[in-house]
Amino acid sequence: MPQRRLPMPASASASSTAPAAGSTIHLPRTSESEQLLRIRHSMSHVMAMAVQKLFPRAQVTIGPWTETGFYYDFDSPEPFTEADLKAIRKEMIRIINRKLPLERIEVSRAEAEARIKAQNEPYKLEILAGITEPITLYTLGEDWWDLCAGPHVAHTGELNPQAFELESVAGAYWRGDEKNAQLQRIYGTAWETAEQLAEHQRRKQEALRRDHRRLGVDLDLFSIEDEAGAGLVFWHPRGARMRLLIEDFWRQAHFAAGYELLYTPHVADISLWQTSGHLDFYSESMFGPMQVDERQFQLKPMNCPFHVLTYASRLRSYRELPIRWAELGTVYRYERPGVMHGLMRVRGFTQDDAHVFCLPDQITAEILRILDLTEEILSAFDFRSYEINLSTRPEKSIGEDAVWELATAGLVEALERKGWAYTIDEGGGAFYGPKIDLKIEDAIGRMWQCSTIQLDFNLPERFELEYVAADGSRQRPIMIHRAIFGSLERFFGIMTENYAGDFPFWLAPEQVRLLPVTDEVRPFAEEMLGQLSAAGIRASVDHSGDRLGKLIRTGEQMKIPVLAVIGAREAETASVSLRSRRDGDLGSRPVAALLESAQRANRDRAPALELAGRVEVGA
RNA sequence: GCCGGUGUAGCUCAGCGGUAGAGCAACUGAUUCGUAAUCAGUAGGUCGUCGGUUCAAGUCCGACCAUCGGCUCCA
C-alpha cells in the first residue's frame, strides 16, 4: 500500500509557515506578532489621515488589521480609483517620514462625543455608542486622531516606508450589511522589512501562477462560455478525462465503503420542494420554476429530496439500516451576478452527495466510517492536513433536546475515536441538526472547506420517513447528509491550484507524449502509441514537425509528466529516451519497461513513474 | 445585487476622434533536426453587445452582458 494512504492525524490549526516553494523567509501573521499588529494598526491610521488630507470630504469609519495587512473603510462622495492609491501612498510616506507620535488618550464619553461632533464624523459617533469604557483615542501628530483601542507604535518612524503597499480598492457595506451605506475600502499590506514585503508579493505571484482559471485555459481543461451564461462549466477533453478518473476512483472507494449509487432526475414537480421546505427557506438560491403541461417543475438545487423519495418508495425494515446512498448529482443554484468565480463559485455543479439512513445507535459508527472515507479520498489528492469544526445546536432549531444531545454526542465520539483535533462552534449548526465541517490545507497554506457531514432531523419528519422496528412499531430513521469533495467543480479548481497544474502521473490527462526526432521514426512512434493506448496509458504523438527542443518545450509547458524522445537509435532498439517532468532526463529504457511502470503507476495511483536502473541503448 | 477596474485576432498586449497592429499559436513551404522556441510566407478582428454624440467612434457618453479585485452570500 502506498505510503500516502496511511492514516495521518489531522493538524488542528493552519500552519502559517506553509511551504512556499523555495522560500525560507517566514511571514508572521498579525495574530502571531505584537509588533506587526502595532504596525498594521498604525498604518491604517496613517492611511486614513492621508486619505482625509487628499479627500477632505471623506469620512472615516473603521480600519482594522488583517492577517497580512490592514484596511480602512471610508464614506467618500468621490470614488477612489486605483490611480488614487499612488497619491495616497505618497502622502502616507510623507506622514511616516515626519515621525509623528501616536499617543493614547483616555477620555470621558462626553468628551469623545464633543470631539467627534466638532469633526462631523457620524460613523465615529455610531462606533462610540457601541463601545464601553474605557474610551480611548489615539492621536497621530497634532491634527489627526481616531477612536481606537490600540495598540500602536510609538511614532510613525517605526513604520517602514519600504515595507508597505496599497493593494486594492473595494466596496464594502457599513457594518457588513448590504442594507447600509456603501463604503469604500482600501486594502493595504505592511511588514517590518522590505524583504518581508517582497516575500508577500512573491506569494501573491505564486497564487496567481497557480490560478485554476489561468491553468484551465493554458492546459485546455475547461472553459466558461459567455454565450451559454455565467457560472456554467464546459469540461474540455483533458479536463473531462481527469474528472472521469476522479469519479472512477470515487465510485470505487464508495462501493468498497458499503455505499450503493443512485441516479436521480434533474427536475421534479415543484410540490416536492414544497414538502422538503426548500421553497420556503432556499428559494432565493433556486432557479425559477418552469411550466410543463399543467404542472410546475423545479430544477434541483439539492439532491436530498430525491434520495428521501427513493427511501420512501417502499417500506423499510430496521434490518436494512444503515442504508448508504451516494450520487454524483448535478445541481443548479441561482447565484447573484458578480459572485461567480472560475470553478470555485458556479451556477451548475456536481455534488458528491450521499445520504445515510440509520438507527440512532448507529450514528457514531456511521460518522466514523464517513471520516475514514473522507480521509481516504482526500489524501489520494495529497490533502492530508485538515481543520475540523463541530457545530452544535443553534437557538432557532427544530427537534427534541434528547435527539440533539444524542446526535451531538455521536459526532463528538466519532471525532474522538478518529483521533482528530477539532474546534467547536457553539450554536453554529443548521436548524435541522449538528454538523462537522472539514477544511483542507493546500500547498501554499490556504484553507478550503470542502467536506461536510450534517445530521438532519427535518427531512425525515417532513417526508414522514419510517422503518419497521424489531417490535413491529414504525420509527423514524436518522438521516445524515455528507459530501467529501463538496462540489466536483470546486474541488477540481482547488486541486488544480494545489498541484499548480503539475498533476500526479495517475491523474494527468496526457501521461506520456512521444516526440519523434525525425519523420523516419514516425511509424515506430505510432506503433508505440498503439501499445501504450492498449495498455490504458493516456499517450499521444506530437506530429507538429518541430525540432526536438521545441517539442520538449511544448510538452513541458503542457506539464506532461513523461516525454519520450524517439530517434533512430530508439527505433532500432525498441526503446525510448525518457524525460520526466519531475526528475528530468531519465535516459533510455526498453519500451516494455515504460509500459510496465506506467501501468503500475496507474494501478497504484502513483505521483510519478518508478523505473528500474537506466539502460544504455544504442551507440 | 453593490463599489472600483477591465473587455481589440485562439493567447498576451499596443493603438485612445480620421480607413485596425505586434509577438506567440494556427496554416503553407523549406529544413530531418537529440532534451525548453529553425527559417520564410499565408490567413485570421463588423475592436463584448445595443443605443447615442460627431462630418467621422476600439477611441467620447449611456445602458446591458461578461470578467477581475472586494463587499454580501455560499459548495
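Chain letters run A, B, ... following the sequence lines, proteins first and then strands; every chain starts at 1.
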Could you tell me whether A:A568 contacts a base, only the sugar-phosphate backbone, or nothing, with contacts defined as non-hydrogen atoms closer than 4.0 Å? base
Ring-ring centroid check A:W273 A:H278, cutoff 6.0 Å: yes
If B:rU42 has a Watson-Crick or G-U wobble mate with both distances under 3.5 Å, name it; if not, just say none. B:rA26
Is the NZ or CZ atom of A:R40 positioned over A:F70's six-membered ring, under 6.0 angstrom from the centre and within 45° of the axis? no
Answer with base, sugar-phosphate or nothing: what part of the nucleic acid does A:F80 contact at a heavy-atom distance below 4.0 Å? sugar-phosphate
Watson-Crick/G-U partner (both atom distances under 3.5 Å) of B:rG34: none
So what does A:R214 hit on the nucleic acid, given a heavy-atom distance under 4.0 Å: a base, only sugar-phosphate, or nothing? sugar-phosphate
Most 5' of A:V217 and A:I224 on RNA chain B, judged by nearest nucleotide: A:V217
Quick tally for nucleotides 69-75 of chain B: nucleotides whose base has a protein heavy atom under 4.0 Å get B, sugar-phosphate-only ones S, the rest -, giving BBBBBBB
Base-pairing assignment for B:rU19 (Watson-Crick or G-U wobble, both under 3.5 Å): none
Base, sugar-phosphate, or nothing: which does A:D226 touch, judged by heavy atoms less than 4.0 Å apart? sugar-phosphate
Heavy-atom nearest nucleotide on RNA chain B taken for A:S544 and for A:G231; more 5' hit belongs to A:S544
